[in-house]
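Worksheet: the structure to be examined is printed underneath.
As the structure lists them, so they are numbered: ligands from 1, and atoms in each ligand from 1. All values below were derived from every heavy atom in this structure, side-chain atoms included, with hydrogens, water molecules and symmetry-related copies excluded.
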Amino acid sequence: MAKPIAITVLPATGDSLYAAQAKVYPREIDGRFARLRLAAVFVLLGLFYLVPWLQWDGHQAVLFDLPARKFYVLGMVFWPQDFFWLTCLLIIAGVSLFFFTAVAGRLWCGYACPQTVWTEVFLWLERLCEGRRNQRIKLDAAPWTREKILRKSAKQFLWITFALWTGFTFVGFFTPILDLAREARTASFGGWEAFWIGFYGLATYGNAGYLREQVCKYMCPYARFQSAMFDHDTLVISYDAARGEPRGARKRSADPKTLGLGDCIECEACVQVCPTGIDIRHGLQIECIACAGCIDACDAVMDKMGYARGLIRYTTENVLRGGRRHIVRTRTIIYAVLLGALLTAFTWGITHRAPLIVELLHDRNALYRQTTDGGIENSYTLKLVNKTAAAQRLHLQIEDHPELHITGHSDVVLAAGEVANIPLTLHAEQTPHEHHEHIELVASNDDGSVRVEQRGEFFGPESP
Ligand code: SF4
Ligand code: SF4
């Protein structure tokens, strides 16, 4: 006989399978870590908004010119052939993330993630228009009055302007920003430019204005796999339950020991400042972005109560269990050595990149040609790419084969960033001994600072 399966019928909640999230109203906070985060916001956003306006050697200092397939970065020009360096950069970014997370937890989330940084600005604009936490809660609950409409409209105006400026700046990394500014004055953006300004602006507006903590909680993949990088010695923001419990309200003058209480006065300040709306006293949670707002809030409360700071603090699981803190451990040493080696190799490689691409392609139609004077000629196409931001005068020669001469011009002038396909003919006055010789074409400049070698083949008739 079939066994019955017990089921629990949940109360009906309407037709929706979706539970709306309660809006989080983070309280404003001042303190050591809030100031550190503010400094990070200024530096990172300052760089983002200023860098595209900087010029370097007559070019935009940082420009990813996709149609021309050239990336300008502080006087260096990167070509599609330099894609390897971009890969290296991504690997370095990945290893850095592992290293810093293993040492100090979610530093990236709390101080440098674009979501955190832009949300901070949007929150600041919101406070400017709608006031402090309690005023914002009241305003949202109040009916639509003239004042509410004015305040909400002012916020929307500032948010949209800032989001569009962000979209404009983002596109300015891919299209010369001075041209974009000229187009902005006459409202004559190209179709793609208008699309990306709108798209990036909308993404900023939506993510930093409305989604906020939902991005960290539900959309960010990093939050999911970070636990793999944590161990018992990773710095995390924790509530010291041994010191704080049992929690309870009391007068400032009361002695907690006499009342049988710990140091937590249950003021909820740590919960009110939390941008993700969690209670750190429940332990380490995936939603915690390590912004340290709760540390600042709790330290301020401890100061008022005359207790020692650090009821919520950066600490490690080992320390909370009564052990010692170990910053230097096998995994951090491995990450540090790997990161150091990668950074060294990357810096050396970037500063010693060949400034020139030389390719020698033999004529496909004829291996060789016999000339009327009894000599042999081979034809090639020489492809030269000047990867630098300055013009170059190059001298071409064939090494170790005095019998081979370049007919025509052996000097070439390339403009900055020029790609040239030059027909080239090599002439031997006598039939070579071998049917097929390896040759080395050298392109060098006058002062010898540029010298690139390219192998090729020279063909003659086969020996009878
Ligand atoms: S801020 Fe500190 S004292 Fe207040 S509830 Fe949080 S942990 Fe307790
Ligand atoms: S729990 Fe504390 S550190 Fe974590 S997100 Fe909330 S305020 Fe920031």
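- Relative ring orientation between F64 and F174 is described as tilted, the plane-to-plane angle lying within the 30° to 60° band.
- Less than 4.0 angstrom separates some heavy atom of I278 from each of these atoms of ligand 2: 1 (S).
- In the vicinity of I280, heavy-atom distances shorter than 4.0 Å reach the ligand 2 atoms 1 (S).
- Looking only at heavy atoms of the protein, atom 2 (Fe) of ligand 1 is closest to C298 SG, 2.4 Å.
- Here the protein heavy atom with the shortest distance to atom 8 (Fe) of ligand 2 is C291 SG, 2.3 Å.
- Ring-centre distance between F33 and Y314: below the 6.0 Å cut-off.
- From the protein, the heavy atom lying nearest to atom 4 (Fe) of ligand 2 is C288 SG, 2.3 Å.
- Taking 4.0 Å as the cut-off between side-chain N and carboxylate O, D82 and K387 count as a salt-bridged pair.
- Annotation: F48 is in aromatic contact with W118 [ring centroid separation under 6.0 Å].
- Short contacts between ligand 2 and I289, defined as distances under 4.0 Å to a heavy atom of the residue, involve ligand atoms 4 (Fe), 5 (S).
- Each of the atoms 1 (S), 2 (Fe), 3 (S), 7 (S) of ligand 2 lies under 4.0 Å from some heavy atom of C294.
- Residue contacts with ligand 1 include E268, since one or more of its heavy atoms lies under 4.0 Å from the ligand.
- For R243 and Y307, the positive end is not near the middle of the six-membered ring at less than 6.0 Å and at most 45° from its axis.
- Between the side chain of E268 and the main chain of E266, no donor-acceptor pair closer than 3.5 Å is present.
- In summary, an N, O or S atom of C274 is located under 2.8 Å from atom 6 (Fe) of ligand 2.
- Ring centroids of W108 and F100 are separated by 6.0 Å or more, keeping the two rings apart.
- The atoms of ligand 1 that sit less than 4.0 Å from any heavy atom of C264 are 3 (S), 5 (S), 7 (S), 8 (Fe).
- At a cut-off of 2.8 Å, C270 coordinates atom 6 (Fe) of ligand 1 through an N, O or S atom.
- Under 3.5 Å, the side chains of T166 and Y49 contain a donor-acceptor pair of N or O atoms.
- In the candidate list V271, I312, I265, I265 is nearest to atom 3 (S) of ligand 1, counting heavy atoms.
- Taking every non-hydrogen atom of R281 and a distance limit under 4.0 Å, the qualifying atoms of ligand 1 come out as 5 (S), 7 (S).
- Using modelled atom types, one finds a donor on one side chain and an acceptor on the other under 3.5 Å when comparing D140 with Y25.
- Using a non-hydrogen distance threshold of 4.0 Å, I237 registers as a contact of ligand 2.
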